[in-house]
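All remarks here apply to the structure that follows.
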Number of protein chains: 2
Amino acid sequence: MNGVHLNSVHLNDVHYTETMAAMETGNPRQARHSRDDVAEAALRILDDYGLPDLTMRRLAASLDVQPSALYWHFPNKQTLLAELADRIVARSRTEHSDDLEWSARVRAEAAGLRDALLTFRDGAELVSSTFALGLGAADPVDRLTEAIELGGFDAETARRASVALLHFVLGHVSHEQQRLQYDSLGVVADEVSARADDAVLGGRQAQAEAFDFGVMLFVGGLQRLAARP
Amino acid sequence: MNGVHLNSVHLNDVHYTETMAAMETGNPRQARHSRDDVAEAALRILDDYGLPDLTMRRLAASLDVQPSALYWHFPNKQTLLAELADRIVARSRTEHSDDLEWSARVRAEAAGLRDALLTFRDGAELVSSTFALGLGAADPVDRLTEAIELGGFDAETARRASVALLHFVLGHVSHEQQRLQYDSLGVVADEVSARADDAVLGGRQAQAEAFDFGVMLFVGGLQRLAARP
DNA sequence: ACCTGAACACCGTTCAAGT
DNA sequence: ACCTGAACACCGTTCAAGT
């Protein structure tokens with residue numbers, strides 16, 4: 001804008017490589033990091049210590065870097081979290097043998113999403129919070145919408161239904177994961193009430209059943225809608 | 001346990017009243033606060049500035065008190081938030097003319113809960129986070145469960161359905177409120193895309209419709225379940 | 001291209017002590 | 001019964017400067 005050709009700025013830019021820096025300082029430092037390195041390190045902290053412990057300062061320390069260095073790769077923490085959410089959710093891409101009936105496909109997508117969220121500690125809460133902020137998580141909505149549209153529903157109905165279903169999925173799995181680490185903290189206190197509680201809403205099997213039931217209610221609602229338009 | 005009668009401890013306890021303190025210091029300080037005062041002040045900050053600004057330090061300042069004083073009323077912030085969640089949710093007690101059909105009553109309960117959450121800024125997010133932690137929000141679950149049981153469903157089915165419905169409600173209203181303040185921040189940028197976006201998922205009316213649609217899917221799923229057991 | 005150093009403006013919580 | 005004062009152990013983010 002001011003007449004200076006931006007392209008010329010880097011003409012004699014000296015690129016300090018890792019080895020050059022090591023030679024100068026005599027200190028064979030860690031490799032400098034890429035955006036991808038940062039995201040992967042963050043996912044590791046998330047899974048090992050949970051969302052509350054995923055701080056910029058801790059992340060920086062795990063990469064042997066100053067906290068301020070992270071802001072070269074991501075403009076702020078929220079953007080980093082959105083990136084993590086997208087990476088977690090990307091694992092839910094099911095090869096949903098396209099010959100499935102639409103309702104079975106919806107159930108498969110929902111189950112795949114749940115599995116993906118469960119592979120990372122606090123995964124549901126992370127995705128949930130970034131989804132609520134209007135960032136990321138667009139992909140699962142699109143895939144659910146597509147599956148529902150196969151049932152002959154119009155675009156808006158399908159979208160509304162898939163967003164509703166996603167809210168259920170995120171809420172359910174958040175709850176589920178919260179309970180997991182609550183249990184792992186061993187609030188043993190009342191053996192009896194713990195058992196009773198467990199019988200009602202605990203146990204991996206029971207959680208999976210409750211999840212399927214919720215998805216089924218949704219699908220059932222859609223089917224009823226199709227039956228009497 | 002050690003033989004000392006606990007009842008005798010307070011026998012000659014001197015109670016410093018507000019006026020006594022004022023007389024001594026010559027400083028007519030604010031009235032000392034009750035647990036209820038603290039909760040009400042917190043609700044005011046929540047509604048005026050939002051959940052991220054509801055810090056213990058800010059709350060203390062609004063009460064003309066040191067942050068540490070709050071810990072006499074609540075053991076920690078989480079407990080305070082749970083109390084706020086309960087207070088917000090208590091406003092959803094609808095006088096659901098008991099002559100309503102069960103499905104209408106479920107819809108009324110859901111709508112009442114949404115209205116209650118909307119009366120406070122970030123209300124849904126607050127209730128959602130404490131619910132995910134297993135604190136509070138038990139009341140709405142109970143009322144929804146009761147309504148569903150009137151439809152002839154067994155206790156576990158009713159409970160699972162009501163928890164699922166609650167997850168949808170919390171997720172939907174969180175999203176809705178997030179959008180509200182996103183809009184109020186006036187990210188005017190693209191007038192055009194804003195309009196287009198608005199047509200699809202914006203507007204109070206559209207949000208209310210999408211909400212009702214989601215609830216209807218649930219109820220429809222239950223009805224279908226009743227039709228073919 | 002990627003990072004350091006230092007600072008700014010905050011957090012929640014504890015605890016002895018005061019009135 | 002309710003609060004102060006002071007401290008502890010943290011946060012996210014910015015920015016000039018370095019290599």
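Reminder, nothing fancy here: chain letters follow the sequence lines and each chain counts from 1.
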TODO: Run the numbers on A:Ser62 and A:Ile45 for side-chain contact (heavy atoms from CB on, under 4.5 Å), then give the verdict.
DONE: CA-CA 8 Å; A:Ser62 87; A:Ile45 293 182; 3.8 Å; yes

Task: Bracket notation of DNA chain D in which parentheses pair within the strand, [ ] cross earlier pairs, and | pairs with another strand (Watson-Crick or G-U, under 3.5 Å) - done: ||.|||||...|||||.||

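Using a 3.5 Å distance cut-off with no hydrogens or angles, the side chains of B:His167 and A:His167 do not pair a donor with an acceptor.
For the atom pair CG (A:Leu170) and CG (B:Leu170), the distance works out to 12.0 Å, reported to the nearest 0.5 Å.
For the P atoms, the distance linking C:dA9 with D:dC10 amounts to 22 Å, nearest Å. Spacing of P atoms, C:dA17 relative to D:dC2, comes out at 22 Å, to the nearest Å.
Look at CG on A:Leu59: it is 14 Å from C1' on D:dT13, rounded to the nearest Å. Taking atom NZ of B:Lys77 as the reference point, atom C1' of C:dC11 lies 8 Å away to the nearest angstrom. The nearest whole Å value for the distance from the CG atom in B:Leu81 to the C1' atom in C:dT13 is 15 Å. If you measure from atom CG of A:Asp36 to atom C1' of C:dA1, you get 16 Å, rounded to the nearest angstrom. In this structure, CZ of A:Phe74 is placed 12 Å from P of C:dC2, rounded to the nearest angstrom. Rounded to a whole Å, the CZ atom of A:Arg35 is 15 Å from the C1' atom of C:dA1. Atoms CG (A:Asp53) and P (D:dG12) sit 11 Å apart, rounded to a whole Å. If you measure from atom CH2 of A:Trp72 to atom P of C:dA1, you get 6 Å, rounded to the nearest angstrom.
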Shorter than 3.5 Å, N or O on both sides, protein versus nucleotides 5-10 of chain C: list them out with atom names.
| from | atom 1 | to | atom 2 | distance (Å) |
| --- | --- | --- | --- | --- |
| C:dG5 | O6 | A:Ser68 | OG | 2.7 |

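Between A:His73 and C:dA1 there is no side-chain N or O to OP1 or OP2 distance below 4.0 Å.
The pair A:Arg159-A:Asp142 counts as a salt bridge, with a side-chain nitrogen and a carboxylate oxygen less than 4.0 angstrom apart. Contact check on A:Asp139 versus A:Arg143 returns a salt bridge, with a Lys/Arg side-chain nitrogen under 4.0 Å from an Asp/Glu carboxylate oxygen. Checked for salt-bridge contact, A:Asp36 and A:Arg87 meet the test: a charged N lies under 4.0 Å from a carboxylate O.
Using a 30° and 60° split on the angle between ring planes, A:Phe168 and A:Phe211 fall in the parallel class, below 30°.
Relative to the side chain of A:Arg32, the nucleotides C:dG12, C:dT4, D:dG18 differ in distance, and D:dG18 lies closest.
Residues satisfying the ring-ring contact (aromatic ring centres under 6.0 Å, His included) criterion with A:Phe213, sequence neighbours excluded, are absent altogether.
The cationic atom of A:Arg121 (NZ for Lys, CZ for Arg) does not lie both less than 6.0 Å from the six-membered ring centre of A:Tyr49 and within 45° of the ring axis.
Residues B:Asn76 and A:Leu70 each lie close to DNA chain C; by heavy-atom proximity, the contact nearer the 5' end of the strand is made by A:Leu70.
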